Amino acid sequence: MTAAERLYQLIQTFPESQINEVLHFAEFLQQKQLATPQQAIPPGTLTGLRGIAKRSGAAPSEEELQTEYTDYLTQKYQ
C-alpha cells in the first residue's frame, strides 16, 4: 500500500475540521516545494565546486589528456 493510499484511509476517519487541516498542510508543503529550487546545491559542500574548472569548448581527447598529464608530471618532477 502506498503512502497516498494509507493517508487516504486515515483521513477518512477524521472529522471534516481535521481533514481541512491536513488539506491546508498539504497545500503548504506544495507551495514550499514550488518555491525552493530542486537542484539547489547546499553551500559549503564540495558539490558546490562542481564545474568550476570546466573547460570551455569540447572535451579533450584521450591522447590530449595523456599528453597534458605527462607534461604535468615531467614539470613537477624535474
Side-chain angles (χ1 to χ4, degrees):
M1 179 179 293
T2 68
E5 292 169 336
R6 290 192 337 246
L7 179 61
Y8 180 71
Q9 283 185 345
L10 180 63
I11 64 170
Q12 286 180 329
T13 65
F14 289 175
E16 189 68 25
S17 61
Q18 286 183 328
I19 293 172
N20 283 327
E21 286 184 46
V22 171
L23 176 61
H24 290 133
F25 182 67
E27 289 170 342
F28 164 75
L29 291 177
Q30 182 183 38
Q31 289 300 317
K32 183 178 167 184
Q33 180 182 14
L34 293 175
T36 57
Q38 297 296 320
Q39 298 271 335
I41 298 173
T45 63
L46 289 177
T47 56
L49 300 175
R50 181 179 53 206
I52 198 167
K54 186 176 182 179
R55 297 175 182 233
S56 58
S61 68
E62 186 70 27
E63 290 174 1
E64 291 173 324
L65 288 174
Q66 282 182 329
T67 302
E68 285 182 18
Y69 190 62
T70 303
D71 290 346
Y72 163 75
L73 290 176
T74 302
Q75 289 176 6
K76 183 175 179 176
Y77 293 107
Q78 281 185 348

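Please read these numbers as outputs of a predicted model, since none were measured by experiment. We use all heavy atoms of the structure for the numbers below, so side chains are in, but hydrogens, waters and symmetry mates are not.
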J.: Could you tell me the separation between the CD atom of E62 and the OG1 atom of T67, rounded to the nearest 0.5 Å?
T.: 10.0 Å
J.: Working to the nearest 0.5 Å, report the span between CD of E21 and CD1 of I11.
T.: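 Result: 12.5 Å between the selected atoms.
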J.: Are I19 and F25 connected in a single hydrophobic cluster, I mean Ile/Leu/Val/Met/Phe/Trp/Tyr linked by side-chain heavy atoms less than 4.5 Å apart?
T.: no
J.: If I take atom CD from residue E64 and atom CD from residue Q66, how far apart are they, to the nearest 0.5 angstrom?
T.: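 Result: 11.0 Å between the selected atoms.
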J.: Establish, from distance only, whether the side-chain atoms of Y8 and Q12 form a donor-acceptor pair under 3.5 Å.
T.: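 Yes, because at least one side-chain N or O of Y8 sits under 3.5 Å from a partner of the opposite role on Q12.
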J.: Locate the shortest heavy-atom distance separating F14 from V22; write the atom from each residue and the value.
T.: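 Here F14 and V22 meet closest at CE1-CG2, 4.0 Å.
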J.: Let me confirm one number: the CG-NZ distance from D71 to K76, rounded to the nearest 0.5 Å.
T.: 14.5 Å
